[in-house]
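First the structure, in the form of structure tokens, and then the observations on it.
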Amino acid sequence: MNKLRCIAIDDEPFALEMLADDIARVPFLELVGQFASPLDALDTLRQQPVDLLFLDIQMPTLTGVQFLRTMPQRAGVSAPMVIFTTAYEQYALEGYELDVVDYLLKPVPFGRFLKAVNKAYDLYTLRQPTPVPAPPDAPSVVTPPTTRGYFFIFSEYREIKLYFDQVLYIEGLKDYVKIFVADQARPFLSRLTLKAIEARLPAESFCRVHKSFIVSLDKISSFQRTKVFVGKQEIPVGSSYAADFERKYGSG
């Protein structure tokens, strides 16, 4: 398991100590620095790879929000993911506008901390380059490319062509989508909203069943009113989407 290299920044010594203890309890996290001021963390951010930053918001001299807006970038290196930690609920909206992974309200229960870092690890994993399998030497059936609809997404620093009939289902994660396709264990991650990708899909073949999910109708193996199954994967059906799903799927 790859470890996420973490930095913790908080001007409260006790809060910093608690963060360090929580990080030490998670096998896929590695604390490489803890600082009482964002300015003290600058050298580490400039010189070392950092995957995840735990950042307090309300600090003297420079707030976490101000620091995030001006955080130095290393050439060719992605900016670290950020989890805000704060005792002030009113900063939540601003945090999400800055595309942070999560927002933790102090005092942070360990279960809530674990949920946030699991989300960060999931995002980190999806950002890693996916090996492209070699095509078979002698396919028994060749499908003419003109008979299959397709669309493009930008993922892993390149435009990727996906056929509609490859797609199993799509999950929305705020400003990202995870596109699960047949014959590949790991989904594609693309910076799109669920609404934007829904507009690219043929309405007769796909259905939005939840605020966070779109499914391919012909990949559904079974369904109930509150859930559908794509193979073994259970996907919730939101109450406001149920009627449209039943109309589409029932007429398919």
Side-chain angles (χ1 to χ4, degrees), residues 1-2 4 26-28 81 101-102 111-112 114-136 141 143 148-156 158-252:
M1 177 183 287
N2 291 331
L4 300 186
V26 181
F28 57 79
M81 297 174 289
V101 173
D102 212 335
R112 181 66 183 87
L114 191 58
K115 181 179 179 180
V117 298
N118 275 322
K119 187 191 299 186
Y121 190 80
D122 187 35
L123 187 58
Y124 168 82
T125 302
L126 290 168
R127 285 176 174 176
Q128 303 312 299
T130 305
V132 179
V141 177
T143 304
R148 300 174 70 192
Y150 60 86
F151 63 109
F152 284 91
I153 60 164
F154 187 77
S155 179
E156 299 160 12
R158 67 187 192 276
E159 294 286 342
I160 296 176
K161 181 180 183 180
L162 294 178
Y163 290 100
F164 294 131
D165 60 12
Q166 286 179 285
V167 178
L168 302 173
Y169 64 96
I170 301 168
E171 181 180 2
L173 296 169
K174 202 176 139 191
D175 295 327
Y176 289 87
V177 291
K178 291 195 291 186
I179 305 170
F180 294 81
V181 300
D183 303 320
Q184 182 166 309
R186 193 163 63 185
F188 290 100
L189 180 72
S190 184
R191 193 180 179 90
L192 286 167
T193 64
L194 205 61
K195 183 177 180 180
I197 200 163
E198 184 179 16
R200 302 185 185 186
L201 303 172
E204 68 276 9
S205 301
F206 291 86
C207 184
R208 188 162 182 174
V209 296
H210 186 272
K211 65 179 181 179
S212 301
F213 288 96
I214 295 171
V215 296
S216 173
L217 293 172
D218 67 358
K219 300 299 192 297
I220 295 173
S221 51
S222 62
F223 76 98
Q224 300 171 358
R225 183 167 178 81
T226 59
K227 67 184 75 171
V228 299
F229 290 87
V230 176
K232 295 182 179 179
Q233 180 63 45
E234 178 182 320
I235 297 169
V237 176
S239 58
S240 58
Y241 299 89
D244 186 51
F245 165 67
E246 290 180 1
R247 178 184 59 80
K248 276 190 172 185
Y249 194 61
S251 62

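Aromatic ring centroids of Y150 and F164 lie 6.0 Å or more apart. Aromatic rings from F223 and F245 are positioned such that their centres are separated by under 6.0 Å.
Under a 4.0 Å N-O distance rule, the pair R208/D244 does not qualify as a salt bridge. The pair K178-D122 meets the salt-bridge criterion, since a charged nitrogen lies less than 4.0 angstrom from a carboxylate oxygen.
Rounding to the nearest 0.5 Å gives a distance of 13.0 Å between OG1 of T193 and OH of Y176. For the atom pair CG (L168) and NZ (K219), the distance works out to 6.5 Å, reported to the nearest 0.5 Å. The OH atom of Y121 sits 6.5 Å away from atom CG of L4, with the distance rounded to the nearest 0.5 Å. Note: E171 CD to Q233 CD = 8.0 Å, rounded to the nearest 0.5 Å. The structure places CD1 of I153 at 7.5 Å from CG of L192, a figure rounded to the nearest 0.5 Å. One distance of note links CD1 of I197 with CD1 of I170; it measures 4.0 Å at 0.5 Å rounding.
Considering only heavy atoms from C-beta on, T125 stays 4.5 Å or farther from L189 through its side chain. Counting heavy atoms from C-beta on, the side chains of I235 and H210 never come closer than 4.5 Å. Taking 4.5 Å as the limit, some side-chain heavy atom of V181 sits within range of a side-chain heavy atom of F188. At a threshold of 4.5 Å between non-hydrogen side-chain atoms, the residues F206 and V215 do not count as touching. Looking only at side-chain heavy atoms (C-beta outward), Y169 and V209 stay at 4.5 Å or farther from each other.
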Go through it in stages, so that I can follow the logic: the residues are V167 and F180, the test is side-chain contact (heavy atoms from CB on, under 4.5 Å), and I'd like the CA-CA distance, side-chain angles, deciding distance and then a yes or no.
CA-CA 6 Å; V167 178; F180 294 81; over 6 Å; no

Would D102 and R112 count as a salt bridge (Lys or Arg N to Asp or Glu O under 4.0 Å) if you check the C-alpha gap in whole Å, the side-chain angles of each, and the deciding distance to 0.1 Å?
CA-CA 10 Å; D102 212 335; R112 181 66 183 87; 2.8 Å; yes

List the steps and the verdict of side-chain contact (heavy atoms from CB on, under 4.5 Å) for I160 and F154.
CA-CA 6 Å; I160 296 176; F154 187 77; over 6 Å; no

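Side-chain N or O atoms of R200 include one that pairs as donor or acceptor with a backbone N or O of F152 at under 3.5 Å. A distance-only check finds a donor-acceptor pair linking the side chain of S221 to the backbone of F229 [under 3.5 Å]. Panel note: side chain Q184, backbone R186; a donor-acceptor pair is recorded below 3.5 Å.
Considering every non-hydrogen atom in both C207 and L217, the closest pair reads CB-CD2, 3.7 Å. Shown here for F213 and L194, the closest heavy-atom pair between the two residues is N-CD2, 3.5 Å.
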